Protein chains: 2
Amino acid sequence: MSAKENQRRILGLLWDDPATRPSGTRGPGRGLTREQIVTAAIEVAEAEGLPAVSMRRVAAELGVGTASLYTYLRGKAELEALMLDAVALGDTLPHEWPGDWRAKLEAWAMDDWAAIRRHPWTLRLHGADRLPGPNQLRWLDSMLRVFEDTGLTEPEKLAAVEALDAYSRGLGLLLAEVEAPADAEPYDVAGRNEGLRELVDFSRYPALLAAIRAGASPYAGDPFPFGLHRLLDGIEALIARRTAERGDRAE
Amino acid sequence: MSAKENQRRILGLLWDDPATRPSGTRGPGRGLTREQIVTAAIEVAEAEGLPAVSMRRVAAELGVGTASLYTYLRGKAELEALMLDAVALGDTLPHEWPGDWRAKLEAWAMDDWAAIRRHPWTLRLHGADRLPGPNQLRWLDSMLRVFEDTGLTEPEKLAAVEALDAYSRGLGLLLAEVEAPADAEPYDVAGRNEGLRELVDFSRYPALLAAIRAGASPYAGDPFPFGLHRLLDGIEALIARRTAERGDRAE
DNA sequence: CTCAAACTCCGAACGCCGTTCGGTGATAGT
DNA sequence: ACTATCACCGAACGGCGTTCGGAGTTTGAG
């Protein structure tokens, strides 16, 4: 199958394209829905981590044979695309938070960050080869609405959205014990750092040593708000510049 | 094996702890080095993508039996940790670039971004459960040195480093066809967007529609410099504030 | 010089994985 | 009543990481 056909197929799946469904009505009714399968897969991922999500495991969870899943899905890649779209949305869309653009973005980002820390398995499913589903487009649309009255150009708005998204996901990856189940004991950062201290001659890393002596600990705290505020400050400065330019022209 | 012992073991491996090596001298000499294995694994990843890196494949590449690798490495996780540390460094460390802190960071970030686009497989190997190797600490030390005269507190410096790193890696993941080999044809973003246009009723996404009508295309361009500049602007504003505070106190 | 300890190497196997094939049996339109 | 159509799924294929135990090689001790 060509890459193009593949794209089209997954798109059809995500968007529930009738063309991808069988036409006739004969034969026994289906015992499952795609939604049930996706829900079961997500439950396994939440409870035991992404590596535990196998076709066999999901089928067993639903009480059906493994091969049956392939009458609902073309393969695991499609299951993953559906899982990703299913969790793409928080309870509140970005533009629905109160306040100005900055308050909305900050509120949404903190909410999103909490979700990322709770469901780190989502981070391993992203990539440009995945196709956006309805929920992902809903989110993107909402983000763009937040920037509506800022005076940014459309490409700038998009880039800002992508920057915020990239920052959250990147930090999640940096900090998350991504493969672990949700109920595993938290990763022992202190122990890791202690082990490092025993083995490593830190005098080779003077700036790092100074930071540690000052009480800072790499990858130990939650640096999310810091970076978020820097990013928002930067965006705010650009918006102020655009607004000033407009003012000039208006005069 | 406890998580603690496991940590300690990987640390020893990364840092070449003699305690992890056999003590006696009997038996035949070793035919390989860990470095050779890591190099071979990286070559496979570069040429055919991360999924092609299997223990069997790496062993075959080196002309040895698969099981032999396990006399050099405890398992694949350790191979991955070594691969990651081996590519952790660009040609130029952040603090070695010319100019002030901002010029250094921008130069390094653009260089790092180019490396990420060239070697996207590295993005799938990160996580807090991975332990930093010597090269990763060298990089961290260098980044902290860049912030030396900025007046930021040590935790702020660390958070800034982590924010920049998170942004680059996060955007890399958003844009990269991560699993693909380096020589694969580039992902057809235009075709993807075209396929979407056929299937999706964009009137449900007015802000997105407006952006597309204005010529913006989601995830199609290279938004890296935009977000980088916003982040650096935000950090610069903070540094200016800290400098002003100092000035106040000095008077 | 002898020989056993210590070590490297690795074929074969175990239990996973995603996926495919072909048969079975239920359903529904003719 | 019959048959086309479909859902279901046991069994198998070729991959994976890893382990086990035996064969072969080197070295140091006696």
Side-chain angles (χ1 to χ4, degrees), chain A residues 1 6 9-10 13 18 20-38 40-41 44-45 48-83 121 124-125 179 181, chain B residues 1 6 9-10 13 18-34 36-38 40-41 44-45 48-83 121 124-125 179 181:
Chain A
M1 179 176 330
N6 196 44
R9 192 166 45 68
I10 298 192
L13 219 135
T20 64
R21 293 208 277 200
S23 43
T25 61
R26 292 189 186 181
R30 321 211 74 184
L32 256 45
T33 63
R34 282 202 303 246
E35 204 181 327
Q36 276 180 285
I37 297 173
V38 172
V44 173
E48 300 172 38
L50 203 52
V53 178
S54 68
M55 298 301 272
R56 284 171 226 267
R57 181 74 160 75
V58 172
E61 211 73 25
L62 294 163
V64 301
T66 308
S68 302
L69 296 185
Y70 288 84
T71 57
Y72 296 88
L73 307 162
R74 295 264 185 165
K76 202 187 183 188
E78 296 188 1
L79 175 57
E80 289 174 349
L82 289 166
M83 288 171 73
W121 57 268
R124 290 278 189 221
L125 293 181
E179 312 290 0
Chain B
M1 179 176 330
N6 195 45
R9 191 167 44 67
I10 298 191
L13 219 136
T20 63
R21 294 209 276 200
S23 43
T25 62
R26 292 188 185 180
R30 321 211 75 185
L32 257 46
T33 63
R34 281 202 302 245
Q36 277 179 283
I37 297 173
V38 173
V44 173
E48 301 174 38
L50 204 52
V53 179
S54 68
M55 299 300 271
R56 285 170 226 268
R57 181 74 159 76
V58 173
E61 209 73 24
L62 294 163
V64 301
T66 308
S68 302
L69 296 185
Y70 289 84
T71 57
Y72 296 88
L73 306 161
R74 295 264 186 163
K76 203 187 184 188
E78 295 188 1
L79 175 57
E80 289 175 348
L82 290 167
M83 289 171 72
W121 57 268
R124 289 278 189 220
L125 294 180
E179 312 290 358

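Keep in mind the model is a prediction, meaning the values are calculated, not measured. Within every chain, numbering begins at 1; the chains are lettered A, B, ... in the order of the sequence lines, protein sequences first and strands thereafter.
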Pick out the pairs of N or O atoms, protein on one side and nucleotides 28-30 of chain C on the other, that lie under 3.5 Å.
from    : atom 1 : to       : atom 2 : distance (Å)
dG29(C) : OP1    : Thr25(A) : OG1    : 3.2

Quiz item: Counting only side-chain N and O atoms of Ser54(A), is one of them less than 4.0 Å from OP1 or OP2 of dC17(C)?
Solution: yes

Self-check item: Within 6.0 angstrom of Glu35(A) CD, more than 12 heavy atoms from elsewhere
Solution: no

Quiz item: Relative to the 5' end of DNA chain D, which residue comes earlier, Ala67(A) or Ala67(B), by the nucleotide with the nearest heavy atom?
Solution: Ala67(A)

Exercise. To the nearest 0.5 Å, tell me how far Ile37(A) CD1 sits from Leu62(A) CG.
Key: 6.5 Å

Self-check item: Gly31(A) versus Tyr72(A), closest heavy-atom pair with distance
Solution: N-OH, 3.3 Å

Exercise. Report the distance from atom CG of Leu73(B) to atom CE of Met55(B), rounding to the nearest 0.5 Å.
Key: 5.5 Å

Self-check item: Presence of donor-acceptor pair under 3.5 Å, side chain of Arg56(B) and base of dG17(D)
Solution: yes

Exercise. Check whether any side-chain nitrogen or oxygen of Thr71(A) sits under 4.0 Å from OP1 or OP2 of dA7(D), and answer yes or no.
Key: no

Quiz item: How is Val53(A) classified with respect to the nucleic acid when contacts are heavy atoms under 4.0 Å: base, sugar-phosphate, or nothing?
Solution: sugar-phosphate

Practice problem: Taking the side chain as every heavy atom from C-beta outward, state whether Arg30(B) and Thr71(B) have any atom pair closer than 4.5 Å. | Solution: yes

Quiz item: dC9(D) phosphate, OP1 or OP2: any side-chain N/O from Ser68(A) under 4.0 angstrom?
Solution: yes

Quiz prompt | Exercise: identify the closest heavy-atom pair between Ala40(A) and Val58(A) | solution = CB-CG1, 4.3 Å

Quiz prompt | Non-hydrogen atoms of Arg124(A) and Leu50(A) that approach each other most closely | solution = CB-CD2, 3.6 Å

Quiz item: Roughly how far, to the nearest 0.5 Å, is the CG atom of Leu125(B) from the CG atom of Leu79(B)?
Solution: 9.0 Å

Self-check item: Residue pairs fulfilling side-chain hydrogen bond (donor to acceptor under 3.5 Å, both in side chains) with at least one residue in residues 57-70 of chain A, sequence neighbours excluded
Solution: Glu48(A)-Arg57(A), Arg57(A)-Glu61(A)

Quiz item: For Tyr72(A) and dC8(D), is the shortest distance between a side-chain N/O and OP1 or OP2 below 4.0 Å?
Solution: yes

Quiz item: Atom CG of Leu62(A) to atom P of dC9(D): distance rounded to whole Å?
Solution: 11 Å

Quiz item: Through what angle, rounded to 10 degrees, does the axis of the helix from dC1(C)-dG30(D) to dT30(C)-dA1(D) turn between its ends, using five pairs per end?
Solution: 20°

Self-check item: Arg57(B) CZ - dG17(D) P separation (whole Å)
Solution: 12 Å

Quiz item: What distance do Arg56(B) atom CZ and Leu69(B) atom CG have between them, rounded to the nearest 0.5 Å?
Solution: 11.0 Å

Practice problem: To the nearest Å, give me how far apart CD1 (Ile37(A)) and P (dG18(C)) are. | Solution: 14 Å

Exercise. Measure from CG on Leu69(B) to C1' on dC16(D) and round the result to the nearest Å.
Key: 14 Å

Quiz item: Just how far, in rounded Å, is P of dG10(D) from CE of Met55(A)?
Solution: 15 Å

Quiz item: Rounded to whole angstrom units, what separation is found between the CG atom of Leu32(A) and the P atom of dC8(D)?
Solution: 7 Å

Quiz item: Whole-Å distance between dC16(D) P and Lys76(A) NZ?
Solution: 16 Å

Practice problem: Please state how far atom OH in Tyr70(B) lies from atom P in dC9(C), giving the value in whole angstrom units. | Solution: 15 Å

